[in-house]
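Here the structure is laid out as structure tokens; the discussion comes afterwards.
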Amino acid sequence: MKLHELKKPAGSTFTAKRKGQGRATGNGCTAGRGMNGQKARSGGGVRLGFEGGQMPLYRRNPKRGFTNHWRTEFVGVNVGALNIFEDGATVTIDMICDAGLAKGQGDGIKILGGGELTKKLTVQASKFSKSALEKIEAAGGKAEVY
């Protein structure tokens, strides 16, 4: 089956009924809104979460926790993943993102100590864990805070 051969299943679509086109159409007069009341009026209805004046559920429930909007969030990349780069290369944050090792830069990239590094690399990143620093230097490379 190809894209141009696809068809909608029978009965999956139908034309919408036109409201307010006279009594004979079956949707005239009140146009499916019932008789009177708030929801029958133009612009009528209640806002989301409104419970008729009763204290809404989202206000009745206890609130917990705190979200710090100014926190810095680093994207972690294991040192073992850096083996894809050539020996002696200088690995930058942009190169890590382009290689698909990190989904976005966030507030920076932190190199973590997972895995083993077999190549001599100069790694530029926002932060390094202690184990990652040791593994980079043990392989003969350098770690630079960028």
Side-chain angles (χ1 to χ4, degrees), residues 1-21 25-27 30-34 36-146:
M1 178 170 280
K2 297 188 172 113
L3 285 175
H4 70 275
E5 296 173 348
L6 291 175
K7 289 185 178 174
K8 295 177 185 174
S12 66
T13 60
F14 52 90
T15 53
K17 286 188 174 180
R18 294 182 65 204
K19 306 283 186 175
Q21 302 297 309
T25 63
N27 253 315
T30 56
R33 289 172 173 256
N36 300 324
Q38 187 173 10
K39 289 175 72 177
R41 312 279 186 222
S42 159
V46 293
R47 67 177 179 275
L48 195 64
F50 185 70
E51 296 182 18
Q54 172 176 297
M55 188 62 68
L57 182 68
Y58 71 91
R59 290 187 62 195
R60 289 197 303 266
N61 288 344
K63 308 296 181 280
R64 287 185 55 97
F66 167 75
T67 302
N68 182 5
H69 298 289
W70 295 277
R71 72 178 180 271
T72 53
E73 203 162 308
F74 291 95
V75 179
V77 176
N78 281 318
V79 78
L82 301 178
N83 285 318
I84 65 166
F85 296 106
E86 294 179 17
D87 201 12
T90 301
V91 180
T92 63
I93 291 175
D94 293 330
M95 289 172 68
I96 291 171
C97 290
D98 291 342
L101 300 179
K103 289 184 179 178
Q105 293 184 14
D107 293 318
I109 289 183
K110 182 172 182 176
I111 306 298
L112 305 173
E116 292 298 322
L117 185 64
T118 58
K119 297 181 179 176
K120 180 181 176 181
L121 299 173
T122 302
V123 184
Q124 296 177 347
S126 307
K127 281 189 166 193
F128 294 89
S129 67
K130 286 182 183 177
S131 57
L133 273 171
E134 292 168 3
K135 289 180 181 182
I136 291 170
E137 289 168 1
K142 283 198 313 185
E144 299 175 357
V145 176
Y146 185 69

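We count residues from 1, following the sequence as given.
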Among all residues two or more places apart in sequence or in another chain, which pass the side-chain contact (heavy atoms from CB on, under 4.5 Å) test with T118? N83
According to salt bridge (Lys or Arg N to Asp or Glu O under 4.0 Å), does anything in residues 112-125 pair up with another residue at least two apart or in another chain? List the pairs. E116-K135
Suppose we screen for side-chain hydrogen bond (donor to acceptor under 3.5 Å, both in side chains). Which residues come up paired with T122, at least two apart in sequence or across chains? none
Please name all residues satisfying side-chain hydrogen bond (donor to acceptor under 3.5 Å, both in side chains) with D107, sequence neighbours left out, ordered by chain then number. none
Does anything in residues 44-67 form a salt bridge (Lys or Arg N to Asp or Glu O under 4.0 Å)? List the pairs, not counting sequence neighbours. E51-R60
What residues, two or more places apart in sequence or in another chain, satisfy side-chain hydrogen bond (donor to acceptor under 3.5 Å, both in side chains) together with Q38? none
With a 4.5 Å heavy-atom cut-off, do I136 and L117 have their side chains touching? yes
Taking only residues two or more places apart in sequence or in another chain, which ones pass side-chain hydrogen bond (donor to acceptor under 3.5 Å, both in side chains) with E73? R71
With sequence neighbours excluded, what pairs up with S12 under the side-chain contact (heavy atoms from CB on, under 4.5 Å) test? K8, P9
Side-chain contact, heavy-atom cut-off 4.5 Å: Q21 with N27? no
Who pairs with L101 by side-chain contact (heavy atoms from CB on, under 4.5 Å), at least two apart in sequence or on another chain? V77, A81, L82, I84, F85, I96, A99
Partners meeting side-chain contact (heavy atoms from CB on, under 4.5 Å) with S129 (sequence neighbours left out): K110, S131, A132
Can you see which heavy atom on L133 is nearest to which on F128, and at what distance? CG-CB, 3.8 Å
Considering all heavy atoms, the nearest A102-V75 contact: CB-CG1, 3.7 Å
May I have all residue pairs that pass salt bridge (Lys or Arg N to Asp or Glu O under 4.0 Å) and include part of residues 82-97, sequence neighbours excluded? none
Contacts of type salt bridge (Lys or Arg N to Asp or Glu O under 4.0 Å), residue K142, not counting sequence neighbours: E144
